[in-house]
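Side chains are part of it too, since the values below use all heavy atoms of this structure and drop only hydrogens, waters and symmetry mates. Letters go in sequence order (proteins before strands), and every chain restarts at 1. Quick caveat, the model's predicted, so the values are computed rather than measured.
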Amino acid sequence: MSQTGTSFGRRRFLQAVGVGAVAMGGGGLLASCSSKDGTATTSAPTGEPRKGGTLRVGLGSGAPTETLDPHNMAVYPDWAHAFMLYDLLNYPDPTSFALTNHLAEEIAPNAKGDVWTVRLKQGVEFHNGKTLDSDDLIASVHGILKGYVASSLYFIDPKGMKKLDERTVQFTLPKPYSVFPDAFAGSNQFIIPADFDPKKPVGTGPFKLVDFKPGDRATFAANPNYWGEGPYVDEVVTIDINDDTARVNALLGGQIDVMSGVPYDQAATLKGNPAVALLESETVAWTPLVMRIDAAPFDDVRVRQAFRLIADREQLVAQAFLGHGKVANDLFMQFDPDYTGNDLPQRKQDIAQAKALLAQAGQSNLTTEMVVSNIFPGLIAGAQAFVEQAKQAGVTIRLRQIEAGDFYGPDYLSRPFTFDLNSSTTSYLTTCGLWTTPDGPYDATHMGTDKEYADLYYKACETMDPAARKQVVAQMQKIEYDRGGYLNYGWGNVIDAHSSKVAGFIPDKVGWPMTSYRFNRVWFTS
Amino acid sequence: MPATTPGPSHAPADHGADALDPAAGDAAALGGPDLSSSRGGGRALAVRAAVMLSTLFVISIVVFAATQVLPGDAATHILGKNASPESLARVRTQLGLDRPLVSQYWGWISGLFQGDLGMSTSARIPVSELIGSRIANTALLVVLAAAITVPLAIGYGLLGAVRRDRPVDHLLGAFAIVFTAVPDFVVGMVLVFLFATIVLTVLPAVSLIPIGENPLAYLQEFILPVATLVLVSVPYLGRLLRASMIDVLQSEYVLWARLKGMPERTVILRHALPNALVPMVQGTALILAYLSGGIVVIEYLFAFPGLGSALLAAVQTRDIPVIQAVCLMFAALYVVVNLAADVLSVLLTPRLRKRAAV
């Protein structure tokens, strides 16, 4: 992406609020889950799906800037709409988190990993009746590379794309890239027709656009020719209700059938109400304290370690997530198969050791400032709890609270100490590509300046053997654990709620709300 | 209409005006000439109108200046930190930010007179298009609230004054204390709890009025926001009327009327009430001004698609043209309502009316 260039603030903002905002208020990251492949796990719901009805969806973070251009999405409802209109090549299964093919039939590399071949499913139709083919895939990749999140496909040379036949495209990469399929599961990599017109958007998704009023509401009709599961409902109407409490009230009053982002403090109230059901998901989204490893006082690893030892993680989880979460061990991507956070010793509060480290670093009685913004429920409460804990080690932290727009504005990458909300694509490595590497647009800890870590990242991207790659990734995580800039104290759950008359939603590890907006799998029980 | 029949029909109006209590003080503080001054009412009104216009002019400068001192300019907001100087310069030229401040202000204000409110920087559509249907929604909300509040407040004030220190007056007093002490959004939340979500689910909890559609077709969505505004406005206005009504009822001319043996009903409705209405008019103006500001909170609470929620969203996205337009609209409403209140005060005050006619 030319992660620098234009409207960084907004892109990043939406990444966090839309893509990333996993934790509860916002969205999460990717989208769509499957159906056709038999992977669709429809657990809890009662009975057989029934047809019919209009599903009314309450969404937060709406704005007049909403767009249906899936490669330039900016605010949270954009993803809800995109997941209805379009499909991805592949996507993590909500339950197993394993990548599952959607529009792709197969994504296969050569031995070296610098040539990847994507074969599309046969007979998939766009809403206008056109059949999905190779030209559409090539056009989509061009679209992504021109869009806000182009950096997610930084490893692709557009000139290296070659149409082999009607539904097969070969990608010749400048360098081997081992996690090519994972990168396409990112929630901006939607497939559009080659003659895409954002004013009359068509996709292959389960719903067709009927009406769109940015910042207010959008109406969709079921796509009867959908290649996957469902859709069961006739119509979906999304309504922007930005205030969390208003959204909860609309659900309780029966004005909507499902809502995203239940605030933690209201989850208990809703739980006791028989008219609604909570949908609580453990996800890969993480909400760390962010220390810039190349800015004082955090450029001294002893200060970073001291801060990680100051954290009483149980208490932080209790205060920030009100119990809707669990303790973390500073690393991210907890559901990646290569995640090592559970194998490394769990970090616990150790004030004596923290004080000793600070003294060694010459930072006893350290005073610093933490910049925060109310970007997800519980953040401010968590920050305040950490400020109190820090006092025990003689550290004084001043909280400076700013608007989300400023937080994700031009200074986003330059602040030494913040509290952020991150989410990611589908695997540890693709996540690193965005969040912790030299070209990562969101590398707020400046982890990319750690050359050993960055070199390991590039090595892992070129290591095709999964077992060998796992070892490299483990080394990267060990460095993160020993000297990284994230203080990831806990995983907060994403909580949505829906009318008890609605069935088909299941918890989703990805982090997007409402089972990654797969309304095609949802039905009314009465 | 005002006391034209018996008794010494002089002092009461002035008396009433003195009893304006908070309203009078605030209205005077707004910087208009005192209508009961020695100048004629008509001339005073003309002066007042001129002052109002200059107030609006000053407000427009303040609103414009306030949005200029925000850190960073629109170009850096749009392009971000790493934008090249060339593209920044290009966007600044597009937005007219490279022109002198006075020229920018002139461009903005002259656009206003032509109905051009500028372009929303976040939505990239004309501000008028963005807030057009919201103006209708908010206007209807305020009008409905005022139309219900004023008669209720008159009833409240009359009842409280006539039954002064009786149980019903104490009850009304308690009601007033509760609804003045409790913040408006709490009142709204309790109403939602009672009628929309938990106890009963008979009314819409949030006002989901589709943008651009006729709000009259969605009157049900107005019930709770209007009820909230009415509940917090009636006690204030009613207490104001009760106080001035009590003053009037203790005046000599009322005593005179009673001594003449007039029916109490006539005394109160025909002679006392009209003279007690002047502070009420000023109070109504203040209530309307409160409504236009307090409405931001209420609109937020009910997710009501009006000017208040547009202002809130614009602040969050640093959408300066929208902030400017909405602030100016609220200010204009405030000013116009005050002017209207002054005109009404004159009409309700015989002495001033006569002077105006001279």
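- Of the two parts of B:L203, neither the backbone nor the side chain holds a non-hydrogen atom closer than 4.5 Å to a non-hydrogen atom of chain A.
- Shown are B:L312, B:L307, B:T138, B:V296; of these, the side-chain contact (heavy atoms from CB on, under 4.5 Å) with B:V326 is made only by B:L307.
- Looking at B:E221, the atoms closer than 4.5 Å to chain A (heavy atoms on both sides) all sit in the side chain, from C-beta outward.
- Checked by atom type, the side-chain pair A:T245/A:Q266 shows a donor-acceptor distance below 3.5 Å.
- The candidate with the highest count of non-hydrogen atom pairs below 4.5 Å against chain B, out of A:P214, A:A246, A:A250, is A:A246.
- The contact between B:V192 and chain A is made entirely by side chain atoms (from C-beta outward), counting heavy-atom distances below 4.5 Å.
- Taking the centre of each ring, A:F207 and A:H81 stay at or above the 6.0 Å mark.
- Of the two parts of B:T201, only the side chain, counted from C-beta on, holds a non-hydrogen atom closer than 4.5 Å to a non-hydrogen atom of chain A.
- Under the 6.0 Å cut-off for aromatic ring centres, B:Y218 and B:F222 do not qualify, their centroids lying 6.0 Å or more apart.
- Side-chain polar atoms of A:D243 and B:Y300 form a donor-acceptor pair below 3.5 angstrom.
- For B:L130, the part sitting under 4.5 Å from any heavy atom of chain A is the side chain, from C-beta outward, and nothing else.
- At a 4.5 Å heavy-atom cutoff, the contact between B:L208 and chain A is made by backbone and side-chain atoms alike.
- Under the 4.0 Å criterion applied to side-chain N and carboxylate O atoms, B:E213 and A:K213 are assigned as salt-bridge partners.
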